[in-house]
Structures are given as C-alpha cells and as structure tokens.
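In the text below, chain A, chain B and the rest are named by the order of the sequence lines, each starting its count at 1. Predicted, not measured: the structure shown is a model, and the values here were computed from it.
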Amino acid sequence: MHSIALIDVNNFFVSCERVFNPSLQHKPVVVLSNNDGCAIARSNEVKALGVGMGAPWFKFKGLAAKHGIVALSSNFALYADMSNRVMSILSTFSPQQEVYSIDECFLDMTGFTRRSLTEQGRQMRQHIKQCTGLPVCVGFAATKTLAKLANHIAKKKPQFDGVCDFNAFTNHQQDEWLGSLAVGEVWGIGRQLAPRLQKIGINTVLDLKRADSATLNANFSVVMEQIIRELNGTMCIELEQIAAPRKQIISSRSFGIAVTDIGSLQESLTLYVSRAAEKLRKQKSYAGAVQVYIRTSPHKEREAYYANSMTVPLQATDDTRQLVKAALWGLERIYKPGYRYQKAGVMLSEIVAVKNAQSDLFGRPDAVATRNSKLMAVMDSVNQYMGKRSLILASQGFSQPWRMKQGSKSPNYTTRWDEVLVVG
DNA sequence: ATCACGGTTTGCA
DNA sequence: CTAACGTGCAAACCGTGAT
C-alpha cells in the first residue's frame, strides 16, 4: 500500500502577511484578488464572519468596517517566494514530490511505518513553522484523493493537532469519518457534480465510496470512476513529479478603470503578451497561435455587454514582437468603439517544444529565428536582474492609466531590499 | 455513424 | 458621494461539418 502525504499551508496568503506583520495575528484579515476585487484568502476570524471564498469585496465593506477586518491587496511576489521555501523544506522529507499548487504539495512517503509517519508529519509542521513562520496541516492516506480528505480532517478537527494519518484508523473508523463528510469535499466534486450526486441519493463521501459503478458510469465520466476507486484505496492518480510543459499560456487582467479607447487595449495587450511570451521562453517552447480576448463587465446590468475573441495563427515563434503583432492584428478585428471594456487577455496555444519545432528542409535552424531568440534572451535576463519593467516594448505605454488597483499592498519583504523597512 | 475540429463548460487552487 | 465582482490551467463536453 502507498502512503501519500498532502501538505498545505493554512490560509496561505493571510499567513504570509502575518509572518511579516505579526500585529495581524488573531485579527480578522483578508487578502484581495487583483484589482482588490474579491476575497481570495481569509483568516479563520473572517471565515467565521461569513465571508465566502471569492466573495466580491465591495459587498463586505460594511461588515469589514464594523469588525475591523484588515483588507490587503495581494502580493504574489511575496507568496511565490514563501512557497518556494516551504516546498524546498518539504522536499527533504521524500525524494518524490509533486508541487500541486502555490500552497500545497504531495509527497510519496511509502515505506515509512505507521508510527513514524505521524512523527514525520509533526516534524514537517515544526520545521516549516521554525524556518518560515507558516502553519501547515498534513494528511496521509493510500491515495491522493484520500490524502486530501485526511488533510481536511487534520485542518478541521483540533484533536489531530494538524496531522491526520487516515490509515491509522480501523476500517470502521474510516467509514465513519467519510460518512461525516459531504460529498462536495471530495477532490474533483465541485458545485456542478455535488448537486447531481445528491439528486441520486449520494450525500456523503461514504455514499460515493460505496456507489454502484454501473449506474454512475451511465451518468458520469470516467473521472468519477477514478474518484471512486481512489476512495476505495486504489491508486489511480499518480504523483507527477516533473511539471509538464504548458499546452496553453494565458495572461489576462481586469482594468483599474473602464477602458474605451483602442490605444489602452493595445498597451495592455502588449504587456500581457510580453508576460505570456516570457513564460513561453522559460519552458523553451514556441507558440503557433495567439488568441486575443476583450470583454466589458458581465456584472453591470445597465450597460451593453460585449465580449469577443479571435485566434490568430502564426509561424511558431517565441518572439514577443511577432506575438504582439499577431495579437494587435486580432484586436483590430474584434474591437468595437462605444463599449466600456473591463478586461482583456491573451492565450498562447499550439505550443511546441523548441527542439521539436520545424526547421528548414535540411534541418538547419532558421537564421532569423536564431537572431530573434538571442534578443529575447537578453531582454529576459535584463528584466530578471534589473526588475521586470526595465526593458519593455514601447507599445506597452508608459502612463498606463488602465493598470489595476492595488490599494494596500504589503512590501516585498523577501525579494526587494528597497522595500524592506529597516528599523533602527 | 464517426471523426476531427473548435468553442464552451467544469473543476481546481 | 458613488460604484466597486480574479487568474490560469487542463480536460470534459458538445455542436458542427466532413467523410
């Protein structure tokens, strides 16, 4: 039997902010999404006040004032840096690690005895607390799906003190726990599937574990069958240690203020393509198509809604300038004056590894492509060492009135010396 | 009927 | 005073036209 661990940081973004500003400890704190739009991380105090995940923040301004909730803009540079530290510490506990998201990872702990497993979990918690100041919870089980649930139990039930080994339970105890959890808690069962399952009498995780596979196969996809097998302890979803190269790369943002002119759209799209192209080059790929996308706000009922996109094919490339050109060409075709645009974005697709990219008949690399990649490499390293806005295409614009709002962002404590406050 | 395709929906963090 | 609602990925799903 496998032993899979799932470790995740409690209220990750909020916990990061608290590490560097301890006065936030025990206070209600939220971190807001880009543009200060939605609540994307909440301290326990805020969860208790009924603020949901992804709640639009303007609806809670009153509640926030009443209870003294501290609302912070998101600081992703800080969170990414803290994440790297946590992942690096956890990698010392097993050679097999899958970094699943910014705040959680799986470890294959197969081979440890039951008793030492819980002990390992305690050490992970203690180590991470000591080195980073962040609180984590640990769940162990035979499959990734069950490890997720074990982690959930560790987080919700104080008696576990943050570490839950699902296989330390008897079979009877296991089923009791699963019977106490709503089916929607299962990894892969979301707001669409949960109601459909409830309609056919599957309310708890235990119900799903024991569900009749024939009836489910008729009504659901193969993914459902995988989930059920995983709930029964059979590993179907393997640990993916090496991150697969992206098949699509997206960069999109909401604007700080409504945008009506094509000039601002061109500027913002230039920026987004630049970001996407950096990611593309980082994974050593070319893109064969650029999709450009603009939209007015879907929330404003009194305003006319318009959304459109266009996919522009091109000779596979990683050159920001060619990708920008394609995106702006597409924009010309979908832009309609008279609308108040709220968001724009680009998606790179038809992605191929550089080494598999088509060369000429004789297998020689294209001379122009080679010269362009050298230029792009220079641009990337200048931006890496001198700050990411050092070298940009002029079509990005300089005043950028459309840039997103970030009213109260914390300093980049760990990545920018010039933003660290020195007391003394 | 079946396939390849593209756009849309779903789920996740 | 008013208006103020995220981002990035994969995969499933579904309609459509071609065969």
State whether A/Lys148 and A/Glu104 are salt-bridged, where the test is any N-O pair (Lys NZ or Arg NE/NH1/NH2 against Asp/Glu carboxylate O) under 4.0 Å. yes
Counting neighbours of CZ on A/Arg191 that are heavy atoms of other residues, nucleotides or ligands and sit closer than 6.0 Å, is the number greater than 12? no
Distance, rounded to the nearest Å, where A/Met310 contributes CE and B/dG7 contributes P: 10 Å
Rounded distance (Å) that lies between atom C1' of C/dA11 and atom CD of A/Gln248: 10 Å
Would you mind reading off the distance between A/Asp36 atom CG and C/dC5 atom C1', rounded to a whole angstrom? 12 Å
Which is true for A/Val186 with a 4.0 Å heavy-atom rule: it touches a base, it touches only sugar-phosphate, or it touches nothing? sugar-phosphate
Rounded to the nearest angstrom, tell me the gap between atom NZ in A/Lys247 and atom C1' in C/dG8. 15 Å
Test your reading of the model: is there a side-chain donor-acceptor pair from A/Arg275 to the backbone of A/Ser252, 3.5 Å cut-off? no
Between A/Phe13 (CZ) and C/dG6 (P), how many Å, whole number? 16 Å
What nucleotide among C/dG8, C/dA12, C/dG6 has an atom nearest to a side-chain atom of A/Val223? C/dA12
Please pick, from C/dA4, C/dT7, B/dA13, the nucleotide with the shortest atom-to-atom distance to any side-chain atom of A/Ser254. C/dT7
NA contact type, A/Phe12, heavy-atom cut-off 4.0 Å: base, sugar-phosphate, or nothing? nothing
Please name the residue in the list A/Glu17, A/Lys155, A/Lys47 that meets the side chain to side chain donor-acceptor pair (under 3.5 Å) test with A/Asn11. A/Lys47
d(CD1, A/Ile227; P, C/dA11) in whole Å: 15 Å
Most 5' of A/His299 and A/Phe220 on DNA chain C, judged by nearest nucleotide: A/His299
Nearest to side-chain heavy atoms of A/Lys279, which nucleotide of B/dG11, C/dA3, C/dG8: C/dG8
So if I take every side-chain heavy atom of A/Phe58 and compare against B/dT10, B/dA13, C/dC5, which nucleotide ends up nearest? C/dC5
For A/Trp57 and C/dA3, what is the distance between atoms CH2 and C1' respectively, to the nearest whole Å? 16 Å
Verify the contact: side-chain N or O of A/Arg246 to OP1 or OP2 of C/dG8, cut-off strictly under 4.0 Å; return yes or no. no
Length of the CZ-C1' vector between A/Arg275 and C/dT7, whole Å: 15 Å
Looking only at atom P, what distance separates B/dC12 and C/dC5, rounded to whole Å? 26 Å
Applying a 3.5 Å limit to both distances, which nucleotide forms a Watson-Crick or G-U wobble pair with C/dG6? none
List the steps, then state whether side chain to side chain donor-acceptor pair (under 3.5 Å) holds for A/Arg295 with A/Gln342. CA-CA 6 Å; A/Arg295 182 189 88 175; A/Gln342 180 249 356; 2.8 Å; yes
Fit a plane to each ring of A/Phe60 and A/Trp57, take the angle between them on a 0 to 90° scale, and name the class: parallel (under 30°), tilted (30 to 60°) or perpendicular (over 60°). parallel
Proximity to the side chain of A/Asp103 - top-ranked nucleotide from C/dG6, C/dA10, B/dA13: B/dA13
Indicate, with a heavy-atom threshold strictly under 4.0 Å, whether A/Trp187 touches base, sugar-phosphate, or nothing. sugar-phosphate
Quick note, A/Ser251 side chain, CB onward, closest among C/dA12, B/dA13, C/dG8 is C/dG8
B/dT8: pairing nucleotide in any strand, Watson-Crick or G-U under 3.5 angstrom: C/dA12
Using a heavy-atom cut-off of 4.0 Å across all strands, would you classify A/Ile189 as base, sugar-phosphate, or nothing? sugar-phosphate
Heavy-atom nearest nucleotide on DNA chain C taken for A/Gly37 and for A/Pro245; more 5' hit belongs to A/Gly37
Could you tell me whether A/Lys59 contacts a base, only the sugar-phosphate backbone, or nothing, with contacts defined as non-hydrogen atoms closer than 4.0 Å? base
Closest nucleotide among C/dG6, B/dT10, B/dC12 to the A/Gln342 side chain: C/dG6
Candidate nucleotides C/dG8, C/dA4, C/dG6, ranked by approach to the side chain of A/Ser33 - the nearest: C/dG6
Any A/Arg191 side-chain nitrogen or oxygen under 4.0 Å from OP1 or OP2 of B/dC12: no
Looking only at atom types and distance, does a side-chain atom of A/Thr145 sit under 3.5 Å from a main-chain N or O of A/Glu230, one as donor and one as acceptor? no
